[in-house]
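Comments concern the structure below.
Just the heavy atoms: all of them, side chains too, but no hydrogens, waters or symmetry mates, feed the values below. All values reported here derive from a predicted model rather than from experimental measurement. Read the numbers this way: they start at 1 and go in the same order the structure lists the ligands and their atoms.
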Amino acid sequence: MEALELTDKKIDEVRQGEAFSPFDNDPNKYSKKFYIESYGCAMNFSDSEIVASILQGEGFGATRNTEEADLIFINTCSIREKAEQTVRKRLTEFRKMKKEKPGMLVGVLGCMAERLKSKFLEEEKLVDLVIGPDAYRTLPGLITEAETGQKGVNVLLSREETYSDIAPVRLNSNGISAFISIMRGCNNMCSFCVVPFTRGRERSRDAHSIVNEARDLFERGYKEVTLLGQNVDSYYFTDSNHPMDKAITFAQLLEMVALVDPSLRVRFSTSHPKDITEDVLITISKYENICNYIHLPLQSGSSRVLQLMNRTYTRDWYKAKIDQIRKILPECGISSDIITGFCTETEEDHQDTLSLMEYSEYDMSYMFFYSERPGTLAARRYEDDIPEETKKRRLAEVVALQNRLSHESNKKDVGKSYKVLIEGESKKNDQEWKGRSSQNKTIVFPKADFDVQAGDYVMVKVTSCTQATLLGEIESI
Ligand code: SAH
Ligand code: SF4
Ligand code: F3S
C-alpha cells in the first residue's frame with residue numbers, strides 16, 4: 001500500500017480531531033480514498049468514526065462518492081433478519097461496481113462480520129475483508145494483505161478494547177451533536193438478542209478519556225453529546241493503573257461530563273430498566289444540561305414473556321420504574337422499544353404490552369416484530385411459533401397506539417415554552433429552524449427577525465403540533 005507519508009504533527013492533529021475535513025477533496029493530501037456506509041444502531045455509526053480515524057491516520061481520505069473509492073466499507077447490523085437482507089442487497093450493488101473497477105477492495109465491518117466470520121467470504125465472493133467490531137486497529141495490516149490478493153479476516157472479540165485513545169473523525173456530523181462511546185459489548189443475555197454474540201463482553205471506557213473527548217468537542221463548538229452503550233447504567237470504570245481509586249459509576253460519569261460546561265447538553269442511550277438507578281435520576285435532576293429524556297426499552301408488557309426474554313424484570317417492576325422517573329423528573333420524556341410476536345406470545349400477553357404502553361405514556365417508541373436470530377438463546381430454546389401475519393397485526397396495533405400516545409403527548413406541550421438547541425434549517429422550509437427540546441422532541445419554528453444560528457439555544461413557545469413534531473415561535477434568545 002502506498003500510504004501517504006504523514007508527519008508526526010499531522011498524525012497528532014488527526015488523533016486529536018479534525019485537522020482536515022474528513023471529506024477533503026485535495027488529491028495531494030490522500031493517495032487513496034475510502035467510502036464507508038453504516039447500518040444499525042448508534043454504536044455502529046460511532047464505530048465508523050473510529051474506523052475513519054484509523055484510515056485517515058494511514059493516509060486514506062474519506063469520500064462520499066463510491067465511484068471515487070479505492071476501498072468500500074459497509075458497517076453492518078445483525079439485529080433482525082431484515083437488517084442483514086439490506087446489507088446483502090447493498091453488497092450486490094458493490095459487486096457490480098467492482099466489476100468495473102477490479103482493484104477496488106470491499107470490506108464488511110461490524111456485527112454481521114462478527115456473526116458470519118469467514119463464512120462471509122464463502123457466501124459473498126466479492127468481499128475482500130471481514131473485520132469484527134473489536135478488531136479495527138488491525139485494519140491497516142489487513143488492507144495491505146488484501147491489496148496483494150489475499151483475503152483479510154479478523155473477528156477476534158476482546159475483553160479490553162474500547163478504542164479510548166482514538167479520536168473519532170466526525171463523519172456526518174452537523175458540528176453540533178456528537179456521539180461518545182462509553183462502553184462496548186453487553187453482558188445481558190436477552191434471549192432474542194444477537195448483540196452479546198456480535199459485540200462480546202461488556203467493558204467500560206476510561207472515564208477521563210470520555211471527559212476529554214467531551215471537552216474537546218465542546219472546544220470545537222459542539223453543543224450536545226450523547227453517551228452511548230448497550231446498557232449505560234452498568235457503566236463501571238476501575239482504573240487498572242490506580243487500583244486503589246474508587247470505581248466510577250454511570251451517575252458519576254454523567255456528572256463529570258455535565259460539568260464540562262453548563263451549555264453542553266448531555267444525553268445518553270440505552271438504559272436498561274433493571275439497572276437504571278435512583279442516583280442517575282437524581283443526577284439528571286441536579287444538572288440543567290443533562291437532558292430530561294430516558295430511552296427505557298420495555299420489549300413486552302407481559303411478565304411471562306419478559307421472563308422468556310430473560311429481561312430480568314416484571315411488569316410491576318417496570319411500572320415502579322416509570323413511577324420513580326415521573327416522581328423525580330416530572331418533565332422527563334420517555335421512549336421505548338417494543339417487540340411483538342415473541343415465542344408463545346398470546347393475545348392476552350399482547351394486551352399487556354398495549355396497556356403498559358398506555359401506563360407509561362411513551363413519547364416515542366421503536367417497534368419491531370420478532371425476528372429469530374441464529375445462535376441466540378431463544379432460537380435454541382423456543383419455537384418461533386407466532387405466524388408472521390399475527391406478529392405484523394400486533395405490530396400494527398402497537399404502532400397505532402404509539403401514534404396516538406405521541407400525539408397526546410405533543411398536544412400537552414402546546415402553550416408551554418422549551419429551551420431548544422437549534423440544529424439547522426428545517427428540511428421543508430429554509431425560513432424555519434429545527435431543533436430539539438431537552439425531552440428530545442423536535443420543534444420547528446420560523447426564523448423571524450432573531451439573530452441566531454445553528455448551535456444557539458432559544459426559548460420557543462409551542463403553538464401547535466402534529467403527531468411527530470411540535471411547531472412554535474421564538475419567545476426569547
Ligand atoms: N441495548 C439496547 C438495544 C439493543 S437492540 C437494549 O437493551 O434495549 C435495539 C432493539 O432491537 C431492542 O431493544 C429490541 O427491541 C430490538 N430487537 C433486538 N433483537 C430483536 C429481534 N431478534 N427481533 C426483533 N427485534 C429485536
Ligand atoms: Fe441485547 Fe439485551 Fe444487551 Fe440490549 S441489553 S444489547 S437487548 S442483550
Ligand atoms: Fe445492530 Fe450490532 Fe447495533 S447488531 S443494533 S449494529 S450492536
For Gln467, does the CD atom have more than 12 heavy-atom neighbours from other residues, nucleotides or ligands under 6.0 Å away?
yes
With Ser409 as partner, the option from Gln439, Arg404, Lys441 fulfilling side chain to side chain donor-acceptor pair (under 3.5 Å) is Lys441
Between Glu37 and Arg90, is there a salt bridge with N-O shorter than 4.0 Å?
yes
The protein heavy atom nearest to atom 5 (S) of ligand 2 is Asn188 ND2, 3.4 Å
| query | So is Thr270 in contact with ligand 1, going by heavy-atom distances below 4.0 Å? | reply | yes
Asn44 heavy atoms within 4.0 Å reach ligand 3 at atoms 6 (S)
Any N/O/S atom from Cys77 (main chain or side chain) under 2.8 Å of atom 1 (Fe) of ligand 3? yes
shortest atom 21 (C) of ligand 1-to-protein heavy-atom contact is with Ser371 O, 3.5 Å
Between ligand 1 and Asp337, is the shortest N or O to N or O distance under 3.5 Å?
yes
In this structure, atom 5 (S) of ligand 1 is nearest to the protein heavy atom Ile79 CD1, 3.5 Å
Filtering Gln230, Met367, Arg199, Lys82 for the heavy atom nearest atom 3 (C) of ligand 1 leaves Gln230
* So, Lys89 and Glu84, do they make that salt bridge, N to O below 4.0 Å? -> no
Problem - Pair Thr346, Asp349: side-chain N/O donor-acceptor within cut-off below 3.5 Å - result: yes
In this structure, are over 12 heavy atoms from other groups packed under 6.0 Å from Glu358 atom CD?
yes
the protein heavy atom lying closest to atom 1 (Fe) of ligand 2 turns out to be Cys193 SG, 2.3 Å
* To do: Give me the ring orientation class for Tyr382 and Phe342: parallel if the planes are under 30° apart, tilted from 30 to 60°, perpendicular past 60°.
  => perpendicular
Counting heavy atoms under 4.0 Å, the part of Tyr366 that contacts ligand 1 is neither
Discussion item. If we only consider heavy atoms of Arg199, is any one of them less than 4.0 Å away from an atom in ligand 2?
Written reply: no
Lys151 and Val127 have their tightest heavy-atom pair at NZ-O, 2.8 Å
Looking only at protein heavy atoms, what sits closest to atom 3 (Fe) of ligand 2 is Cys186 SG, 2.3 Å
Near Arg80 (heavy-atom distance under 4.0 Å), the atoms of ligand 1 are 11 (O), 16 (C), 17 (N), 23 (N), 24 (C), 25 (N), 26 (C)
The answer for which part of Phe368 has a heavy atom under 4.0 Å from ligand 1 is side chain
Before accepting this row, confirm whether a basic side-chain N of the pair Lys117/Glu122 lies closer than 4.0 Å to the acidic partner's carboxylate O. no
Taking the basic N atoms (NZ, or NE/NH1/NH2) and the acidic carboxylate oxygens, is any pair closer than 4.0 Å for Glu288 and Arg265? no
Atoms of ligand 3 under 4.0 Å from any heavy atom of Cys41, numbered from 1 in the order shown, are 3 (Fe), 5 (S), 6 (S), 7 (S)
Short version for Pro297: what comes under 4.0 Å of ligand 2, heavy atoms counted, is neither
Here the atoms of ligand 2 under 4.0 Å from any heavy atom belonging to Pro196 are 8 (S)
Any Glu345 side-chain heavy atom under 4.5 Å of Arg394 side chain: yes
Per-atom filter on ligand 1: closer than 4.0 angstrom to a heavy atom of Arg373 are 22 (N)
The answer for which part of Gln299 has a heavy atom under 4.0 Å from ligand 1 is side chain
Within 4.0 Å of some non-hydrogen atom of Cys111, the atoms of ligand 3 are 2 (Fe), 4 (S), 6 (S), 7 (S)
Within-shell test, Ser78 vs ligand 3, heavy atom, strictly < 4.0 Å:
yes
Item checked: Min side-chain heavy-atom separation Leu421-Arg436 under 4.5 Å -> no
Glu389 atom CD, over 12 foreign heavy atoms within 6.0 Å = no
*Please say whether Phe192 places an N or O atom under 3.5 Å from an N or O atom belonging to ligand 1.*
yes
Checking heavy atoms under 4.0 Å, the part of Gln230 that sits near ligand 3 is side chain
Met43 near ligand 3 by a heavy-atom separation under 4.0 Å:
no
- Query: Can a salt bridge be assigned to the pair Arg95 and Glu124 using a cut-off of 4.0 Å between side-chain N and carboxylate O?
  - Reply: yes
Note: ligand 1 atoms sitting under 4.0 Å from heavy atoms of Arg311 are 7 (O)
side-chain contact (heavy atoms from CB on, under 4.5 Å) between Ile131 and Val155: does it pass, once the steps are laid out? CA-CA 5 Å; Ile131 303 160; Val155 288; over 6 Å; no
Near Arg311 (heavy-atom distance under 4.0 Å), the atoms of ligand 2 are 2 (Fe), 7 (S)
Is atom 2 (Fe) of ligand 2 less than 2.8 Å from at least one N/O/S atom of Cys190? yes
- Query: Are any of the side-chain nitrogens in Glu213 or Arg170 under 4.0 Å away from the carboxylate oxygens of its partner?
  - Reply: yes
Within the 4.0 Å heavy-atom cut-off, what Asn231 brings close to ligand 2 is neither
The atoms of ligand 1 lying under 4.0 Å from a heavy atom of Pro297, numbered in the order shown, are 8 (O)
Residues Glu161, Arg205: salt bridge by 4.0 Å N-O rule: no
Looking only at protein heavy atoms, what sits closest to atom 4 (Fe) of ligand 2 is Gln230 O, 4.3 Å
Any Lys/Arg nitrogen of Asp134 or Arg159 sitting under 4.0 Å from an Asp/Glu carboxylate oxygen of the other? no
With heavy atoms and a 4.0 Å threshold, my read on which part of Ile339 contacts ligand 1 is side chain
